[in-house]
Amino acid sequence: MENLKLDSLPPSMLHKILSKVATMNLWDSGSARIAFCGFNEIGRDDYFYRSANLIYLNDWVDEVRAVRTFRLKCYRLGNPEAIYLRGMYEFFILHFRDEGREKFHLAGERGCEMAQFVDGMLNLAFSVDRRGIVHNYPTFTRQHVDKMFQTIFSWQLLGYQDYVRPAVFLSVAEKIDPNVPFDCWCSHIDPPEFEVSKNGSRLKWKCDPCFWNCAAWDFCDQIQLNVQSWPIEN
């Protein structure tokens with residue numbers, strides 16, 4: 001794209017373009033800043049780091065140092081997604097339960113949708129009783145749960161394998177019974193009713209207690225794979 005065309009774009013659009021490029025490849029975003037002064041001005045603004053999208057930021061071997069430096073600067077400037085990712089690392093890797101939950105709260109208050117979801121689903125999981133049934137239902141719609149699960153299960157985020165779940169979280173996850181629907185009236189509806197998932201698949205409809213029990217189990221089974229490595233500060 002010629003600089004003349006870029007010159008005609010408002011700063012908000014330049015910000016979106018540079019953020020998208022940075023998410024895909026930090027080296028390319030650096031090249032863009034060198035090639036066009038407008039991108040360079042955007043890239044020097046603290047707002048760029050506070051609002052950058054970090055959930056899908058790649059962590060390729062050849063860019064690992066640049067990625068961690070970028071993520072750490074975003075965190076220090078209060079980027080909600082950086083706060084969320086730091087909370088994930090503290091909760092699931094360092095096993096700092098309270099510190100991780102505090103960061104989920106803070107990131108959620110600042111608008112991070114994933115942090116709000118994780119915080120709500122953790123509240124749901126920790127409400128499990130002796131029968132394996134959860135009770136503290138969040139206010140999320142079923143469509144929102146489906147949307148967030150599509151993100152959690154996406155191949156871009158399922159990459160952290162060297163991992164041992166925190167004992168407290170593991171004990172809770174093991175209590176949740178995913179087989180509750182088999183004994184519920186909703187599994188015997190004839191003819192069965194279906195819901196269409198965001199990815200186009202058809203899912204058998206479940207009543208609220210069964211839906212949330214299955215959602216809590218799926219969440220506990222997959223969320224730890226979203227943990228990303230974090231730079232160790234001095």
Side-chain angles (χ1 to χ4, degrees), residues 11-12 14-30 32-33 39-123 144 147-163 166 169 219 222-234:
S12 60
L14 293 176
H15 177 274
K16 289 181 180 180
I17 294 172
L18 188 61
S19 294
K20 184 66 174 180
V21 173
T23 300
M24 301 303 296
N25 190 297
L26 281 179
W27 295 124
D28 286 348
S29 70
R33 292 177 60 179
F39 283 144
N40 193 40
E41 292 176 6
I42 294 293
R44 289 203 305 258
D45 192 342
D46 286 351
Y47 175 74
F48 173 73
Y49 294 93
R50 288 196 299 269
S51 60
N53 184 335
L54 302 179
I55 298 296
Y56 288 100
L57 182 64
N58 72 64
D59 201 5
W60 298 330
V61 174
D62 60 339
E63 293 189 3
V64 64
R65 182 174 298 179
V67 168
R68 292 183 178 183
T69 299
F70 181 76
R71 188 184 295 154
L72 187 56
K73 185 169 184 178
C74 291
Y75 174 75
R76 288 172 174 166
L77 289 171
N79 181 299
E81 290 190 359
I83 295 171
Y84 158 73
L85 292 172
R86 179 61 177 265
M88 289 287 288
Y89 184 76
E90 290 182 349
F91 187 93
F92 288 103
I93 301 300
L94 300 182
H95 299 184
F96 294 163
R97 176 182 170 184
D98 293 338
E99 290 85 346
R101 293 299 299 273
E102 286 176 2
K103 288 181 174 60
F104 295 150
H105 283 305
L106 178 59
E109 290 174 352
R110 296 188 179 183
C112 178
E113 195 172 52
M114 184 62 78
Q116 295 166 357
F117 182 71
V118 169
D119 195 35
M121 294 302 288
L122 284 174
N123 287 335
H144 184 71
K147 170 188 171 184
M148 300 311 292
F149 275 155
Q150 295 299 320
T151 300
I152 290 172
F153 296 161
S154 66
W155 65 268
Q156 295 100 321
L157 300 184
L158 299 181
Y160 204 100
Q161 303 296 333
D162 186 16
Y163 169 77
F169 181 76
F219 172 81
Q222 292 289 331
I223 189 60
Q224 75 278 354
L225 296 178
N226 283 220
V227 179
Q228 301 185 41
S229 57
W230 191 265
I232 304 301
E233 299 179 75
N234 295 329

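- When side chains are defined from C-beta on, Cys74 counts as touching Leu54, because their heavy atoms get closer than 4.5 Å.
- For the atom pair OG1 (Thr69) and NZ (Lys73), the distance works out to 10.5 Å, reported to the nearest 0.5 Å.
- In this structure, CZ in Phe117 is found 4.5 Å from CZ in Phe149, a value given to the nearest 0.5 Å.
- Side-chain contact check for Val118 versus Glu113: every heavy-atom pair is 4.5 Å or farther apart.
- Between Glu90 and Arg97, none of the side-chain N atoms (NZ, or NE/NH1/NH2) sits under 4.0 Å from a carboxylate O, so this pair counts as no salt bridge.
- Under a 3.5 Å cut-off, the side chain of Arg110 and the backbone N or O of Gly78 do form a donor-acceptor pair.
- Annotation: side chain of Glu109 is not in contact with side chain of Gln116 (no heavy-atom distance under 4.5 Å).
- Between Ile223 and Phe92 the shortest side-chain heavy-atom distance falls below 4.5 Å.
- Going from atom CG of Leu72 over to atom CZ of Arg68 covers 11.0 Å, rounded to the nearest 0.5 Å.
- The shortest heavy-atom contact between Pro80 and Ala107 is O-CB, 3.2 Å.
- At least one side-chain heavy atom of Met114 sits less than 4.5 Å from a side-chain heavy atom of Ile152.
- The two residues Glu81 and Cys112 come nearest to each other via the heavy atoms CG-SG, 4.0 Å.
- In plain terms, the two heavy atoms of Met88 and Phe104 that are nearest each other are N-CE2, 3.5 Å.
- To the nearest 0.5 Å, atom CG of residue Asn53 and atom CG of residue Asn79 are 8.5 Å apart.
- Atom OH of Tyr75 sits about 16.0 Å away from atom CZ of Arg50, to the nearest 0.5 Å.
- From Lys103, atom NZ reaches atom CZ of Phe91 across 13.0 Å, with rounding to the nearest 0.5 Å.
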